[in-house]
Amino acid sequence: MLAWSEGPEANDLHPRGIRGAVADALHGHADVRTACLVDPEQGVDLRGVDVLAWWGHAHHADLDDARAEQIANAVRGGMGLLVLHSGHHSKPFRALLNASGNLGGWREAAEVERLWIVNSTHPIAAGLPNPIEIPHEEMYAEPFDVPPPDDLVFVSWFAGGEIFRSGAGWRRGAGKIFYFRPGHEAYPTLHHEHVRHVLQNAARWCAPEAP
Ligand code: ZN
């Protein structure tokens with residue numbers, strides 16, 4: 001598995017960047033290496049990668065179009081793609097879904113988010129409480145400009161009353177894509193026990209199925 005984040009985004013909460021926090025969340029569950037935009041090939045070395053986790057926020061446009069296409073093709077060929085939080089605007093996600101990924105709105109106010117499981121039999125919901133409560137998160141609002149998900153697992157409620165399709169899966173070619181909304185860089189979301197459990201379940205679900 002490869003955990004990619006644009007970088008540097010290191011802060012007290014994520015001393016090795018978001019990619020390091022994602023790798024920590026999957027420690028013991030998957031073999032994870034990390035990469036970022038300033039690495040050779042913009043960190044997009046997909047050799048041997050079964051699942052690619054992707055987080056970016058300010059530098060989506062800096063990813064070369066050819067790299068985005070390389071990722072999209074790898075997904076169509078069977079690689080899993082786990083898109084986190086502000087990755088909704090990343091080039092690979094938009095290309096694969098043929099959609100803008102635009103939000104109805106957002107607000108950075110450290111408010112409560114409740115992730116309600118709307119498909120309790122889905123493998124990504126296994127072993128999780130309902131709802132998962134995150135004490136401080138950034139709010140994202142519907143409408144989320146994506147095609148109707150093939151798999152909808154979580155819908156979020158925010159303290160301001162908004163809702164959002166926070167855990168959604170799509171299949172493209174032989175590959176699976178899962179979008180998971182939480183993961184704002186200013187809050188300790190990626191240290192949250194149940195968020196880590198979602199990432200572990202999602203990495204397993206996204207991985208290529210045995211032939
Ligand atoms: Zn954010």
Side-chain angles (χ1 to χ4, degrees), residues 3-26 34-38 42-43 52-63 68 71 81-97 99-116 124 131-146 149 153-169 177-199 202-203:
W4 188 101
S5 64
E6 62 188 24
E9 84 257 336
N11 58 22
D12 290 346
L13 293 167
H14 313 107
R16 295 189 296 125
I18 299 292
R19 57 200 174 282
V22 171
D24 288 346
L26 290 159
T34 60
C36 66
L37 199 53
V38 298
Q42 298 192 305
L52 171 64
W54 195 269
W55 188 100
H57 64 158
H59 297 284
H60 295 308
D62 295 342
L63 185 78
I71 293 165
L81 180 64
L82 178 53
V83 176
L84 303 174
H85 188 61
S86 37
H88 68 89
H89 263 160
S90 64
K91 285 184 182 179
F93 185 65
R94 294 162 72 143
L96 282 159
L97 298 186
S100 73
N102 286 346
L103 311 176
W106 71 93
R107 178 173 60 237
E108 190 179 355
E111 64 200 277
V112 173
E113 174 175 10
R114 287 192 191 122
L115 289 129
W116 290 95
I124 295 180
I132 298 167
E133 184 159 312
I134 301 175
H136 304 292
E137 249 300 348
E138 181 179 24
M139 183 280 290
Y140 282 6
E142 293 280 350
F144 183 20
D145 183 33
V146 289
V153 185
F154 304 108
V155 172
S156 286
W157 168 94
F158 295 91
E162 298 87 355
I163 60 164
F164 195 80
R165 288 169 289 170
S166 283
I177 304 155
F178 191 70
Y179 174 77
F180 188 56
R181 196 217 73 83
H184 186 60
E185 69 279 6
Y187 308 129
T189 300
L190 293 170
H191 297 279
H192 190 293
E193 176 192 354
H194 301 310
V195 167
R196 289 187 159 203
H197 195 159
V198 171
L199 297 183

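Start at 1 and go down the list; that is how both ligands and their atoms are numbered. Numbers here are sequence positions counted from 1. All heavy atoms count here, side chains included; hydrogens, waters and symmetry mates do not. All figures in this text were calculated on a predicted structure; none of them were measured in a lab.
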Problem - Neighbouring protein N, O or S atoms of the Zn ion (ligand 1) [cut-off: under 2.8 Å, no waters] - result: H85 NE2, E138 OE1, H184 ND1

Handout entry: Carboxylate-amine/guanidinium proximity below 4.0 Å for E138 and R107
Key = no

Fill in the blank from the handout: In short, H192 meets I132 closest at the heavy-atom pair CE1-CG2, 3.9 Å

Fill in the blank from the handout: In terms of heavy-atom contacts, R19 and T34 come closest through O-CG2, 3.6 Å

Exercise for the section: Determine whether more than 12 heavy atoms belonging to other residues, nucleotides or ligands lie under 6.0 Å from atom NE2 of H57. Expected result: yes

Practice task
In plain terms, say whether E137 and R181 are close enough for a salt bridge, that is, a side-chain N and a carboxylate O under 4.0 Å apart.
Solution key: yes

Exercise for the section: Assign the ring pair H89 / H60 to parallel, tilted or perpendicular, where the plane angle (0 to 90°) is split at 30° and 60°. Expected result: perpendicular

